[in-house]
Amino acid sequence: MKKYISLTIILILIFFLSGCSFIKKHKELSDLEAIKERGYLIVGTKTDSPPFGYYKDGKLTGIDIEIAQNIANYIFQNESSANVKFVNVNAQNRIEKLNSKDVDILVATMSINEKRKLVMSFSVPYFVANQKIMVRKTSKITHLQYFNKNGRLAVVMGTTGEKISHLVAPNAHFVGTKSYNEAFNLLLNRQVDAILGDDCILRGYLTDEFRIINKSYSREYYAVAIRKADDSKDLLNLINSALAVMLDERRLNLIKARYFI
Ligand code: GLU
């Protein structure tokens with residue numbers, strides 16, 4: 001009888017200790033270790049922001065997509081499309097998707113700003129844009145302040161454009177849209193008179209019927225966004241190294257050049 005009791009106690013102890021080490025292992029994995037264990041990087045990217053993230057001939061493509069693929073290859077030290085999985089995010093849900101761990105990182109035309117730095121970390125910048133307005137070609141509008149008294153201005157909600165428009169033209173009649181596609185269609189159908197957005201994205205929508213006014217309302221430094229946590233630091237360092245290597249090998253410039261011809 002005594003023998004059975006001792007055996008039961010030993011079994012309970014083994015079960016308990018192995019359970020503890022399992023929990024400990026999973027609790028202590030940093031973001032980078034968890035990605036390596038999973039075998040691929042999960043990246044939040046946009047699909048409405050040419051030339052950064054968009055569909056061409058049914059294929060997700062763009063500068064952000066290529067940068068994400070390069071980062072994933074750097075993490076796994078080999079070149080394979082299997083190193084990365086893309087999840088579609090938009091300007092309204094991208095921060096939530098990152099912080100709820102739906103994605104490991106965001107490569108999503110995301111500008112660094114002080115408010116965002118409170119809830120997320122940023123890599124070194126990989127691109128600089130300017131906020132400008134796009135109008136119809138025949139329009140007489142020359143600046144954003146015009147909208148304080150006249151017209152309707154489209155901004156994509158959750159973007160830095162939304163913030164800038166409230167600062168520069170606080171009395172404007174704003175039309176908040178969910179995407180650039182929606183804003184562009186409103187301009188096309190004369191339901192708004194301009195779109196405020198990053199010039200490089202506006203250029204992705206530029207046709208003969210529109211023009212972009214060459215006045216900048218803010219500089220936008222695009223960076224990779226990572227969760228703001230101690231266990232995300234090794235991932236942040238690795239992403240900065242990957243970007244430094246891409247810059248050093250001129251790969252970053254080559255990617256940009258391909259999309260800005
Ligand atoms: N770069 C700006 C931002 O981070 C606007 C472009 C975007 O929608 O991502 O809000």
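This structure is a prediction, so every number in the text was calculated from the model and none was measured.
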[Y] and [X] side chains, donor-acceptor separation under 3.5 Å:
{"X": "Asn181", "Y": "Asp48", "result": "no"}
{"X": "Glu182", "Y": "Thr177", "result": "no"}
{"X": "Gln131", "Y": "Thr160", "result": "yes"}
{"X": "Tyr217", "Y": "Ser165", "result": "no"}
{"X": "Asn73", "Y": "Gln69", "result": "yes"}

With rounding to the nearest 0.5 Å, note down the distance linking [atom1] in [X] to [atom2] in [Y].
{"X": "Glu28", "Y": "Asp231", "atom1": "CD", "atom2": "CG", "answer": "10.5 Å"}
{"X": "Glu66", "Y": "Ile71", "atom1": "CD", "atom2": "CD1", "answer": "12.5 Å"}
{"X": "Leu186", "Y": "Phe184", "atom1": "CG", "atom2": "CZ", "answer": "11.0 Å"}
{"X": "Ile141", "Y": "Ile133", "atom1": "CD1", "atom2": "CD1", "answer": "6.5 Å"}
{"X": "Asn189", "Y": "Asn185", "atom1": "CG", "atom2": "CG", "answer": "6.0 Å"}
{"X": "Lys36", "Y": "Gln77", "atom1": "NZ", "atom2": "CD", "answer": "8.0 Å"}

Looking only at non-hydrogen atoms, find the nearest pair between Tyr40 and Ala82 and report the distance.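 Answer, listing the atom of Tyr40 first, then Ala82: CB-O, 3.4 Å.
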Taking all non-hydrogen atoms of both residues, which atom of Ser232 and which atom of Ile226 are closest, and how far apart?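 Distance-wise, the nearest heavy atoms are CB-CG2, 3.7 Å.
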Sorted by first residue and then second, give each salt bridge (charged side-chain N to carboxylate O under 4.0 Å, His left out) pair with at least one member in residues 198-208; sequence neighbours left out.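 Listed once each, the pairs are Lys132-Asp199, Asp199-Arg203.
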What pairs meet the salt bridge (charged side-chain N to carboxylate O under 4.0 Å, His left out) rule with one or both residues in residues 145-162, with sequence neighbours excluded?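 For residues 145-162: none.
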Has [X] got a side-chain atom pairing as donor or acceptor with [Y]'s backbone, closer than 3.5 angstrom?
{"X": "His166", "Y": "Ala169", "answer": "no"}
{"X": "Ser100", "Y": "Glu96", "answer": "yes"}
{"X": "Asn99", "Y": "Val119", "answer": "yes"}

Kindly confirm or rule out a cation-pi arrangement of Lys56 over Tyr54, judged by NZ or CZ under 6.0 Å from the six-membered ring centre and within 45° of its axis?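 The answer is no, since Lys56 fails at least one limit relative to Tyr54.
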Tell me, please, which residues at least two apart from Arg211 pass salt bridge (charged side-chain N to carboxylate O under 4.0 Å, His left out).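 For Arg211, no residue satisfies salt bridge (charged side-chain N to carboxylate O under 4.0 Å, His left out) once neighbours in sequence are set aside.
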Residues in salt bridge (charged side-chain N to carboxylate O under 4.0 Å, His left out) contact with Lys117, at least two apart in sequence or another chain: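 Salt bridge (charged side-chain N to carboxylate O under 4.0 Å, His left out) list for Lys117, sorted by chain: Glu114.
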For the CG atom on Asn78, are there more than 12 heavy atoms of other groups (residues, nucleotides or ligands in this structure) within a distance under 6.0 Å?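 Above 12, so yes.
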Is it the case that more than 12 heavy atoms not belonging to Glu79 sit under 6.0 Å from its CD atom?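 No - once you tally the heavy atoms of other residues, nucleotides and ligands closer than 6.0 Å, there are 12 at most.
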Would you list the atom pairs, donor with acceptor, under 3.5 Å between side chains in residues 121-129 and any protein atom, with sequence neighbours excluded?
residue: Ser123; atom: OG; partner: Val224; partner atom: N; Å: 2.9
residue: Tyr126; atom: OH; partner: Asp64; partner atom: OD1; Å: 2.6

Does the ring center of Phe52 lie less than 6.0 Å from the ring center of Tyr222?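 Here the rings of Tyr222 and Phe52 have centres that are less than 6.0 Å from each other.
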Heavy-atom side-chain proximity of Glu209 to Leu188 below 4.5 angstrom: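 Side-chain contact under 4.5 Å: yes.
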Is there a side-chain contact between Leu187 and Arg136 (heavy atoms, below 4.5 Å)?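 Yes, side chains in contact.
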For Phe147, run the side chain to side chain contact (heavy atoms under 4.5 Å, CB included) check against Val192, Leu196, Asp193, Asn171 and tell me which one passes.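 Single side chain to side chain contact (heavy atoms under 4.5 Å, CB included) partner of Phe147 among Val192, Leu196, Asp193, Asn171: Asp193.
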Distance-only donor-acceptor hits, side chain of residues 102-109, under 3.5 Å, sequence neighbours excluded:
residue: Asp104; atom: OD1; partner: Arg38; partner atom: NH2; Å: 3.1
residue: Asp104; atom: OD2; partner: Arg38; partner atom: NH1; Å: 2.7
residue: Asp104; atom: OD2; partner: Ile42; partner atom: N; Å: 2.8
residue: Thr109; atom: OG1; partner: Lys46; partner atom: NZ; Å: 3.1

